[in-house]
Visitor: 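Sharing a structure with you now.
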Amino acid sequence: MELDTLWSQAGAAAWGTCAYADLLPRMNEHAQARAEELCPAPAGVFVAAFPYYAGEGPGNLCRYARGEDYHTALSRRLAPVCAGLEAAYPFHKFVSLVDNSPLPEGEAAALAGLGLRGKNGLVILPPWGSWLFLATVLTDLPLPSAPVPAPDCVNCGACVEACPGKALGPNGFDISRCLSELTQRKGELTEEQTELLRRHDLVWGCDVCQTVCPYNREVPDTPLPEFRDGLLSTLTEEDVENFTRRQFEAAFPHRAFTWRGPGVLERNLKLKEEK
């Protein structure tokens, strides 16, 4: 089967390849050891983008968390891809990776020539904008990087200006001020971080830098049913309080926000009451 057909049938909006060696400058020793544990003698990486935008709508969960857990959905979609690759290249190994990966996915996408690179670190792929999940397949099959890496966006500065935590700036990305990360952080927060969460509209994630991006205007809805149907947009305190982690996961199976347990969501919801 043609590779284009294989990835298209998996639902990928675009795909490409990069040489594993080209990723090494962005990987520490731990990441390299993990990659080599998963795939001895890694030589190439397939990288693909899957759109998840499902339209506007109110809610206190960010858009990526409203549909099925993308780890589950994309792992399922990559299974036939790996099977097809194994059939085409029977003496090579293919390992699918979704998010929890030693590979720097954004850099892999750039080296594969996918879309544009936003100032917020996200891949932008017209017409789908930056509402994308990335997935990779690590292999010992030698693969090339694109002749020309993906270019940067137009650098309009909209995401930098709008970021509520001012996590984007001339010195790069400051994760300690990113609302998406703060909504998921366990443990004690500083007064400033607590106030950022209190003022934030969402209890999980943050979409601000994406909603202001000019590349995200008039984006079509995803054709992938996992991210379009059965959406859950809002959680309440009643949904999370007095739950054990196991009970929480049973109440909301296959959702991307359950991995942290109910504690951080209960905290975030209580902060909204203090506004």
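If you read the sequence from its start, that first residue is 1, and numbering goes on from there. Values below: every heavy atom of this structure, side chains too, minus hydrogens, waters and symmetry copies.
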Visitor: Minimum heavy-atom separation for Ala13 to Leu125, with atom names?
Guide: CB-CD2, 4.0 Å

Visitor: If we check ring pair (Phe, Tyr, Trp, His ring centres under 6.0 Å) with Phe227, which of these qualifies: Phe133, Tyr53, Tyr64, Phe50?
Guide: Phe133

Visitor: Quick check: is Phe252 connected to Leu231 through a chain of hydrophobic side chains (ILVMFWY, heavy atoms under 4.5 Å apart)?
Guide: no

Visitor: Take a 6.0 Å sphere around CD of Glu161 and say whether it holds more than 12 heavy atoms from other residues, nucleotides or ligands.
Guide: no

Visitor: Check whether Thr183 reaches the backbone of Gly205 with its side chain - one donor and one acceptor, N or O, closer than 3.5 Å.
Guide: yes

Visitor: Working to the nearest 0.5 angstrom, can you tell me the gap between Glu266 CD and Asn242 CG?
Guide: 6.5 Å

Visitor: Between Arg63 and Glu56 (salt bridge meaning N to carboxylate O under 4.0 Å), is one present in this structure?
Guide: yes

Visitor: Begin from the C-alpha positions of Arg260 and Lys186 and carry the test side-chain contact (heavy atoms from CB on, under 4.5 Å) through to its verdict.
Guide: CA-CA 8 Å; Arg260 268 298 193 197; Lys186 287 186 173 182; 4.0 Å; yes

Visitor: Do Val137 and Val95 have side chains that approach each other closer than 4.5 Å (heavy atoms only, starting at C-beta)?
Guide: no

Visitor: Would a hydrophobic clustering, with Ile, Leu, Val, Met, Phe, Trp and Tyr connected at side-chain separations under 4.5 Å, put Leu116 with Leu114?
Guide: no

Visitor: CD/Glu226 to OH/Tyr70 distance, rounded to the nearest 0.5 angstrom?
Guide: 14.5 Å

Visitor: Does Leu6 belong to the same Ile/Leu/Val/Met/Phe/Trp/Tyr cluster as Tyr89, with side-chain heavy atoms less than 4.5 Å apart forming each link?
Guide: yes

Visitor: How close do Pro220 and Trp128 get, heavy atom to heavy atom, and via which atoms?
Guide: CG-CZ3, 3.5 Å

Visitor: May I ask you to decide if the ring planes of Trp7 and Phe46 are parallel, tilted or perpendicular, using 30° and 60° as cut-offs?
Guide: tilted

Visitor: Could you tell me whether the side chain of Gln184 and the main chain of Ser180 form a donor-acceptor pair under 3.5 Å?
Guide: yes

Visitor: Within a strict 4.5 Å, meaning less than it, do heavy atoms of the Val203 and Phe257 side chains meet?
Guide: no

Visitor: Compare every heavy atom of Leu78 with every heavy atom of Val98, then report the nearest pair and how far apart it is.
Guide: CG2-CD1, 4.0 Å

Visitor: Between Leu269 and Leu235, what is the shortest heavy-atom contact and its length?
Guide: CD2-O, 3.5 Å

Visitor: As an exercise, state the distance from CG of Leu182 to SG of Cys206, rounded to the nearest 0.5 Å.
Guide: 9.5 Å

Visitor: Any non-hydrogen side-chain atom of Leu61 less than 4.5 Å from a side-chain atom of Leu202?
Guide: no

Visitor: Which pair of non-hydrogen atoms, one from Val160 and one from Lys166, has the smallest distance, and what is that distance?
Guide: O-NZ, 4.3 Å

Visitor: Check whether Ser145 reaches the backbone of Ala19 with its side chain - one donor and one acceptor, N or O, closer than 3.5 Å.
Guide: yes

Visitor: Kindly give the heavy-atom pair with the smallest separation between His71 and Asp69, and that separation in Å.
Guide: ND1-OD1, 2.6 Å

Visitor: Is a donor from one side chain sitting under 3.5 angstrom from an acceptor on the other, for Asp207 and Trp131?
Guide: no

Visitor: Donor-acceptor pair, Arg66 side chain versus Leu232 backbone, under 3.5 Å?
Guide: no

Visitor: Could you please spell out the steps behind the salt bridge (Lys or Arg N to Asp or Glu O under 4.0 Å) verdict for Arg117 and Asp152?
Guide: CA-CA 5 Å; Arg117 292 180 291 189; Asp152 292 337; 3.3 Å; yes

Visitor: If I take atom NE2 from residue His92 and atom CD from residue Glu86, how far apart are they, to the nearest 0.5 angstrom?
Guide: 12.0 Å

Visitor: I'd like to know whether Gln210 forms a side-chain contact (heavy atoms from CB on, under 4.5 Å) with Leu122, so could you lay out the CA-CA distance, the side-chain angles of the two residues, the decisive distance to 0.1 Å, and finally the verdict.
Guide: CA-CA 9 Å; Gln210 298 198 79; Leu122 300 178; 3.6 Å; yes

Visitor: Below 4.5 Å, heavy atoms only, C-beta onward: do Tyr20 and Met27 meet side chain to side chain?
Guide: yes

Visitor: Would you call Val45 and Thr17 a side-chain contact if the rule is heavy atoms closer than 4.5 Å?
Guide: no

Visitor: If two hydrophobic side chains count as joined below 4.5 Å and joins carry through other members, does Leu168 share a cluster with Tyr215?
Guide: no

Visitor: Do Asn60 and Asp201 pass the side-chain contact (heavy atoms from CB on, under 4.5 Å) test, and can you show the C-alpha distance, the side-chain angles, and the key distance before you say yes or no?
Guide: CA-CA 6 Å; Asn60 62 10; Asp201 290 334; over 6 Å; no

Visitor: Could you state the interatomic distance from SG (Cys156) to NZ (Lys119), rounded to the nearest 0.5 Å?
Guide: 10.5 Å

Visitor: If you define the side chain from C-beta out and look only at heavy atoms, does anything of Trp15 sit under 4.5 Å from Leu3?
Guide: yes

Visitor: For Glu238 and Thr236, does a side-chain donor sit closer than 3.5 Å to a side-chain acceptor?
Guide: yes

Visitor: About how many Å separate CG of Leu143 and SG of Cys18, when rounded to the nearest 0.5 Å?
Guide: 8.0 Å

Visitor: Before you tell me yes or no, could you show the steps for Ser96 and Cys82 under side-chain contact (heavy atoms from CB on, under 4.5 Å), namely the whole-Å CA-CA distance, both residues' side-chain angles and the distance that decides it to 0.1 Å?
Guide: CA-CA 7 Å; Ser96 64; Cys82 288; 3.9 Å; yes

Visitor: Verify the distance criterion only: is there a donor paired with an acceptor across the side chains of Thr211 and Asn216 at less than 3.5 Å?
Guide: no

Visitor: Using a 4.5 Å cut-off on heavy atoms from C-beta on, say whether the side chain of Gln32 contacts that of Leu24.
Guide: yes

Visitor: Check whether any side-chain heavy atom of Pro223 sits under 4.5 Å from a side-chain heavy atom of Pro51, and report yes or no.
Guide: yes

Visitor: Could you check whether Asp140 pairs with Lys93 (Lys NZ or Arg NE/NH1/NH2 to Asp/Glu carboxylate O, under 4.0 Å)?
Guide: no

Visitor: Does Leu38 share a hydrophobic cluster with Leu23, counting links as ILVMFWY side-chain heavy atoms below 4.5 Å and allowing steps through other members?
Guide: yes

Visitor: Got a sec: does the CG of Asn28 have more than 12 other heavy atoms crowding it under 6.0 Å?
Guide: yes

Visitor: Is there a donor-acceptor contact under 3.5 Å from the side chain of His30 to the main chain of Pro102?
Guide: no

Visitor: Determine, for Arg255 against Glu249, whether the closest basic-nitrogen to carboxylate-oxygen distance falls under 4.0 angstrom.
Guide: no

Visitor: Quick check against the 3.5 Å criterion: does Glu36 have a side-chain atom that pairs as donor or acceptor with the backbone of Ala41?
Guide: no

Visitor: Any salt bridge between Arg76 and Glu68, counting N to O under 4.0 Å?
Guide: yes

